[in-house]
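One structure below.
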Amino acid sequence: MMSTLKNKIKSLMPRRLNYWYYLYTAKKAVNFDIRRRVYDKVYNNSSAEKVKRDLTLQYHIVEKGLTMPVPRPGFGRLVVLDLCRVVLRYESMKLPFDELEFSQSVTVLKEYAAFHNEIGFKLDKELADSLAKIVYRFDNVHGTNQMEVTEKKYFESVNAPFDAFCMSRYSVRSYTDKEIPLNVLHNCIDLAQKSPSFCNRQPTRVHIVKSPQKKEAILAIQNGNRGFGHLAETLLVLTSVISVTKDIHERNENHLNGGLFGMTLLNALHFNRIAACSLNWAVDNERDEKIRKLLNVPENEVVLLVISCGYPPENFKIASSPRKKAVEITTEHVG
Ligand SMILES: Cc1cc2nc3c(=O)[nH]c(=O)nc-3n(C[C@H](O)[C@H](O)[C@H](O)COP(=O)(O)O)c2cc1C
């Protein structure tokens, strides 16, 4: 009753007034969110969450470097040095050694040192000393090593029960140039369409990019595909229609619905024996404008995510990216 009245009043308002009304409610809602985020960035410097975030950001770059199709000797020097420093900072904060972020950071640093040892590449003194210190000091800390698999082994669970299937998918950053037929991609997208969406409004759209020029232009402005993006046979760019949201309070629905869609799509690609990796679209307005122009993305759509994909080679490496346990991320509200 109340909302019918509200809609009636809105429909009687001149368009300009309507615009200001939407802008006012939007600003109020968004400011609430922005304030919390900015406060967290500026005033919340020393929390355990942040040191663990820094560990994860850095160890992830190193695990990716170690599992590239062709790892570059001496890669990521500054990141590795910084990761060594953050590991020591974590220790000085007297945080537990069995936290995943810490054990995984120590593990990738040990793997980095072992990799260069194996190929006989001499690291500079500062880097070698920092690594030696970590290896010696945290001898008893163990995480999950990166993996090397065959194509056959990687896809052996694609027809297995859900739990085995789910645990068998990884982000894969090695691709051959074998063409993925359009009908196979359409089948994957049909499966992704089965993802739930708010009131079944189905806001997600997919751009299938095979044009070499367009792929190159997109990857040049995406921050996170160095060393493997150029091998992708196809890029899938997920966008979402903002016009299907009703008001500003539904502003996160495009990304939320796109996330659900994206996960089903990743599973569908895996099911079809296609290797894939999500590529973030956390970019500034200029880069966003560039991709929009390149793919003719309509004004009322937002770009959500890029997925690089291709059939994988016979042998390839995968980053282990281990997960925290359910008990570590749950809060029970019982009774
Ligand atoms: C939203 C999102 C953005 C991502 N962006 C990148 C990226 O830019 N580059 C990359 O190599 N991996 C990217 N990834 C892949 C993650 O690194 C990967 O999913 C994570 O480490 C977990 O590993 P898994 O997918 O192998 O289970 C992204 C994943 C998500 C969900």
Side-chain angles (χ1 to χ4, degrees), residues 52-72 75-76 79 83 100-101 103-105 107-108 111 143-149 153-155 157-158 163-175 192 195 204 206 209 215 218-232 235-240 252 254-271 274-284 287-288 291 302-310 312 316-326 329:
K52 289 197 269 184
R53 171 200 67 191
D54 291 345
L55 287 173
T56 308
L57 286 175
Q58 315 267 39
Y59 91 63
H60 179 56
I61 294 175
V62 185
E63 68 171 1
K64 268 173 66 172
L66 288 165
T67 56
M68 280 296 108
V70 190
R72 186 173 55 81
F75 74 87
V79 173
L83 181 56
L100 184 137
E101 293 86 347
S103 59
Q104 206 51 29
S105 297
T107 301
V108 298
E111 288 184 285
T144 314
N145 289 318
Q146 314 317 312
M147 294 166 285
E148 191 153 6
V149 291
K153 174 103 190 116
Y154 179 61
F155 290 125
S157 298
V158 294
D163 51 356
F165 172 86
C166 182
M167 297 307 272
S168 74
R169 185 215 56 83
Y170 286 83
S171 291
V172 178
R173 302 178 177 90
S174 287
Y175 317 106
S195 311
T204 312
V206 185
V209 188
K215 282 192 296 184
I218 293 168
L219 293 169
I221 52 173
Q222 194 279 336
N223 186 15
N225 69 87
R226 190 145 30 118
F228 69 97
H230 62 287
L231 300 173
L235 294 182
L236 300 175
V237 179
L238 306 194
T239 64
S240 184
N252 296 324
N254 292 104
H255 287 83
L256 187 56
N257 284 262
L260 294 169
F261 181 99
M263 186 66 247
T264 315
L265 183 54
L266 290 174
N267 278 332
L269 292 166
H270 187 52
F271 181 67
I274 297 166
C277 181
S278 311
L279 300 175
N280 78 82
W281 196 248
V283 296
D284 57 25
R287 285 173 194 232
D288 200 49
I291 201 172
V302 275
V303 180
L304 309 177
L305 183 71
V306 181
I307 298 176
S308 59
C309 42
F316 56 97
K317 296 189 193 126
I318 31 189
S320 60
S321 301
R323 305 297 208 269
K324 294 177 205 266
K325 293 268 168 261
I329 61 153

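Every value quoted in this text rests on a predicted model; they were computed, and no experiment measured them. Just so you know, ligand 1 is whichever comes first in the structure, and atom 1 is the first atom listed for that ligand. Counting from 1, the numbers follow the sequence of the chain as shown.
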> Just checking, is any N or O donor in the side chain of Ser105 or Gln58 under 3.5 Å from an acceptor N or O on the other one?
Replying inline: no

field: Donor-acceptor pair between Tyr175 and Ser308 side chains, under 3.5 angstrom
entry: yes

### Query
More than 12 heavy atoms of other residues, nucleotides or ligands under 6.0 Å from CZ of Phe165: is that the case?
yes

Across all chains, not counting sequence neighbours, the salt bridge (charged side-chain N to carboxylate O under 4.0 Å, His left out) partners of Lys215 are none

Applying salt bridge (charged side-chain N to carboxylate O under 4.0 Å, His left out) to Lys324 and not counting sequence neighbours gives Glu101

Within the 4.0 Å heavy-atom cut-off around ligand 1, the contacting residues, ordered by chain and number, are His60, Lys64, Arg169, Tyr170, Ser171, Arg173, Gln222, Asn223, Gly224, Phe228, Cys277, Ser278, Leu279, Asn280, Leu305, Ser321, Arg323

By side-chain hydrogen bond (donor to acceptor under 3.5 Å, both in side chains), Ser168 pairs with (sequence neighbours left out) His270

